[in-house]
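All figures in this text were calculated on a predicted structure; none of them were measured in a lab. Worth knowing before you read on, the calculation uses all heavy atoms, side chains too, and leaves out hydrogens, waters and symmetry mates. To find a chain, count down the sequence lines: A is the first, B the second, and so on, and within it residues start at 1.
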2 protein chains.
Amino acid sequence: MKVDLRVYKTKEALRKALMILLKDKGLNSISVTELCRLANVNRGTFYAHYGQVENLFEEYFKSIMKDLGESYLEPYRHEQNLLSKNLNPSTIRIFHHIEHYQPFYRIVFSKTVPLSYYYLLFDHVQQLIRNDIREHYASGIDIDIAMLSAYQANAILGLAIEWHRQDFAQSAADMNRLLVRVLRV
Amino acid sequence: MKVDLRVYKTKEALRKALMILLKDKGLNSISVTELCRLANVNRGTFYAHYGQVENLFEEYFKSIMKDLGESYLEPYRHEQNLLSKNLNPSTIRIFHHIEHYQPFYRIVFSKTVPLSYYYLLFDHVQQLIRNDIREHYASGIDIDIAMLSAYQANAILGLAIEWHRQDFAQSAADMNRLLVRVLRV
DNA sequence: ACTTTTAGTGTACACTTGCTCATTAATTAT
DNA sequence: ATAATTAATGAGCAAGTGTACACTAAAAGT
């Protein structure tokens with residue numbers, strides 16, 4: 001099933017308009033009306049596709065999450081397990097990923113945005129960790145894997161939050177080294 | 001300076017109305033109009049005090065955060081350091097705190113709510129951890145304390161998120177025991 | 001090329017939002 | 001008790017929201 005060209009054009013126009021507006025205002029203060037005005041799309045058309053500005057952003061979000069999954073999952077497999085003590089910093093790509101999409105993550109970590117985006121990010125990282133645990137601790141360790149992976153995934157995101165709060169002052173490589181040292185405490 | 005009785009009454013009425021509405025709808029789908037209708041408060045009065053529904057909720061939030069700070073900070077001081085290997089589960093009160101205010105935390109952890117509430121919670125836990133680190137690791141360890149505390153605080157919140165996701169199936173005591181085991185992995 | 005399908009448009013309506021301001025009324029200070 | 005203060009009200013306004021529906025036009029299938 002091919003995508004209707006009209007739909008494609010409409011969505012592109014809206015996405016581009018959103019990116020422009022996001023440069024100087026928060027997601028929640030962008031009205032449907034001004035977005036459509038800028039995108040030259042009828043307001044009714046917007047509602048047919050999205051319903052609210054957040055949903056449009058979410059679509060973009062998911063494409064970026066896909067990048068995190070595809071580009072960064074593979075390297076893990078060929079390296080030491082993710083959270084062991086003899087962790088190789090270069091295997092952890094999440095900070096590089098965030099650095100690469102920095103303008104985007106400034107939005108994701110901004111206070112006014114709904115918690116759902118954080119959860120989408122959390123889910124992805126948790127999944128990466130979960131795979132890692134499954135591979136390296138074999139079948140059964142005596143702890144709930146959902147809980148263990150939630151703990152470790154969110155710990156890393158804690159560093160990302162603090163990184164954001166410090167306005168991304170450190171480089172991604174710095175953050176990797178920092179993670180390794182934190183794991184040794 | 002005494003609080004004007006009229007102000008007190010208005011805020012009370014609004015807080016109660018909000019609690020009622022929150023029982024069967026999300027924070028973001030509560031309109032100012034319906035809130036004021038239920039509270040018998042003029043819409044203009046609401047805007048004079050809060051500006052948006054979120055700010056009203058935030059006021060309530062902060063009173064609960066105060067409880068987390070006051071009731072749970074003290075016990076830490078007389079126990080082993082918080083995140084050492086010989087941690088006593090009973091010293092960690094955060095899960096009990098969440099359990100106690102469970103209906104409230106169902107809102108805080110719900111997807112549609114702004115990230116700011118999560119940050120308020122994060123800040124408090126980070127502060128607890130930070131104090132703990134300062135006391136037990138003395139003056140200088142070779143790592144950025146902001147980062148280390150962010151890591152550890154958010155790790156614990158990761159467990160809370162997963163707990164919420166599993167609909168608080170475990171008891172707070174279970175969560176404490178789980179934390180101890182996670183720390184030993 | 002022609003028909004069918006379906007996305008997008010324009011308009012309309014009832015409602016909410018955020019804000020302002022003169023008026024009313026409750027509370028505080030004397 | 002009375003005056004001074006200030007919070008709350010009600011009304012009004014321009015703008016945005018969410019939804020509906022007949023229409024127009026672009027794209028897909030043949």
Side-chain angles (χ1 to χ4, degrees), chain A residues 1-60 62-63 107 110-114 116-117, chain B residues 1-60 63 107 110-117:
Chain A
M1 213 56 153
K2 262 171 89 178
V3 252
D4 194 308
L5 258 179
R6 290 168 295 182
V7 176
Y8 174 78
K9 282 175 187 168
T10 303
K11 290 197 167 186
E12 268 302 292
L14 286 171
R15 220 208 63 238
K16 280 183 182 169
L18 180 65
M19 290 307 118
I20 290 166
L21 289 174
L22 277 175
K23 278 177 186 159
D24 45 42
K25 48 165 57 184
L27 190 61
N28 51 347
S29 57
I30 295 171
S31 76
V32 174
T33 301
E34 71 175 324
L35 182 72
C36 291
R37 211 153 39 203
L38 184 60
N40 288 310
V41 165
N42 192 277
R43 215 161 53 83
T45 305
F46 173 88
Y47 280 109
H49 285 297
Y50 297 106
Q52 47 182 15
V53 182
E54 277 79 10
N55 294 348
L56 169 59
F57 180 77
E58 188 165 322
E59 195 174 75
Y60 181 50
K62 281 179 176 164
S63 72
I107 297 162
S110 69
K111 295 201 304 187
T112 53
V113 116
S116 56
Y117 305 135
Chain B
M1 213 56 156
K2 260 172 90 176
V3 252
D4 194 307
L5 258 180
R6 290 168 295 182
V7 175
Y8 174 78
K9 282 176 189 167
T10 302
K11 290 196 168 188
E12 269 301 294
L14 285 171
R15 220 207 63 239
K16 280 183 183 169
L18 180 64
M19 290 306 119
I20 290 166
L21 288 174
L22 277 175
K23 279 177 185 158
D24 44 41
K25 49 167 53 186
L27 190 60
N28 52 347
S29 57
I30 295 172
S31 78
V32 173
T33 301
E34 72 175 325
L35 182 72
C36 291
R37 212 153 36 203
L38 183 60
N40 287 311
V41 166
N42 191 275
R43 220 159 49 81
T45 306
F46 174 88
Y47 280 109
H49 286 297
Y50 297 105
Q52 47 182 17
V53 182
E54 277 79 11
N55 295 346
L56 169 59
F57 181 77
E58 189 164 322
E59 196 174 74
Y60 181 51
S63 72
I107 297 162
S110 68
K111 295 200 305 185
T112 54
V113 117
L115 193 50
S116 56
Y117 305 134

Residues in side chain to side chain contact (heavy atoms under 4.5 Å, CB included) with I107(A), at least two apart?
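For I107(A) the side chain to side chain contact (heavy atoms under 4.5 Å, CB included) partners, ignoring immediate neighbours, are L22(A), F57(A), V113(A).
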
Contacts of K25(A) that satisfy side chain to side chain contact (heavy atoms under 4.5 Å, CB included) - sequence neighbours left out:
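K25(A) satisfies side chain to side chain contact (heavy atoms under 4.5 Å, CB included) with S29(A), I30(A), E34(A) once adjacent residues are dropped.
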
Need the bend value for the helix from dA1(C)-dT30(D) to dT30(C)-dA1(D): angle between end axes, 5 pairs each end, nearest 10°.
40°

Among L18(B), L14(B), N28(B), find the one that has a side-chain contact (heavy atoms from CB on, under 4.5 Å) with V53(B).
L18(B)

Of all residues at least two apart in sequence or in a different chain, which pass the salt bridge (charged side-chain N to carboxylate O under 4.0 Å, His left out) check with K111(A)?
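Partners of K111(A) by the salt bridge (charged side-chain N to carboxylate O under 4.0 Å, His left out) criterion come out as none, since no residue qualifies.
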
Where along residues 10-22 of chain B does a heavy atom fall under 4.0 Å from DNA chain C?
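Result for residues 10-22 of chain B: none.
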
Below 4.0 angstrom, which residues in residues 28-48 of chain B have at least one non-hydrogen atom near DNA chain D?
N40(B), V41(B), N42(B), R43(B), T45(B)

Output the distance between atom CG (N55(B)) and atom OH (Y47(B)), rounded to the nearest 0.5 Å.
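It is 11.0 Å, given to the nearest 0.5 Å.
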
Is there a side-chain polar atom (N or O) of K9(A) under 4.0 Å from OP1 or OP2 of dG8(C)?
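Looking at the OP1 and OP2 atoms of dG8(C), neither is under 4.0 Å from any side-chain N or O of K9(A).
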
Given dA8(D), is OP1 or OP2 found less than 4.0 Å from the side-chain N or O atoms of H49(B)?
yes

Flag side-chain contact, heavy atom, 4.5 Å: V7(B) against H49(B):
yes

Interatomic distance where OH belongs to Y8(B) and C1' belongs to dA8(D) [whole Å]:
18 Å

Starting from P on dT4(C), measure out to CG on D4(A) and report it in whole angstrom.
18 Å

Could you go through residues 35-42 of chain B and list every donor-acceptor pair under 3.5 Å that involves a side-chain atom there, pairing it with any protein atom two or more places apart or in another chain?
{"from": "N42(B)", "atom 1": "OD1", "to": "G44(B)", "atom 2": "N", "distance (Å)": "2.8"}

Answer with yes or no whether R6(B) presents, from its side chain, a donor or acceptor under 3.5 Å of a partner atom in the base of dA8(D).
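No, the side chain and the base share no sub-3.5 Å donor-acceptor pair.
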
With Q52(B), which residues qualify under side-chain hydrogen bond (donor to acceptor under 3.5 Å, both in side chains), at least two apart?
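Expected list: none.
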
Set out, line by line, the N/O atom pairs under 3.5 Å between protein and nucleotides 1-3 of chain C.
none

Heavy-atom closest pair (E54(A) atom, Y117(A) atom, distance to 0.1 Å) is O-OH, 3.1 Å

Enumerate the residue pairs fulfilling side chain to side chain donor-acceptor pair (under 3.5 Å) with a member in residues 3-13 of chain B, sequence neighbours excluded, ordered by first and then second residue.
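Found D4(B)-R6(B), K11(B)-E59(B), E12(B)-R15(B).
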
By ring pair (Phe, Tyr, Trp, His ring centres under 6.0 Å) - contacts of Y60(B) (at least two apart):
F104(B)

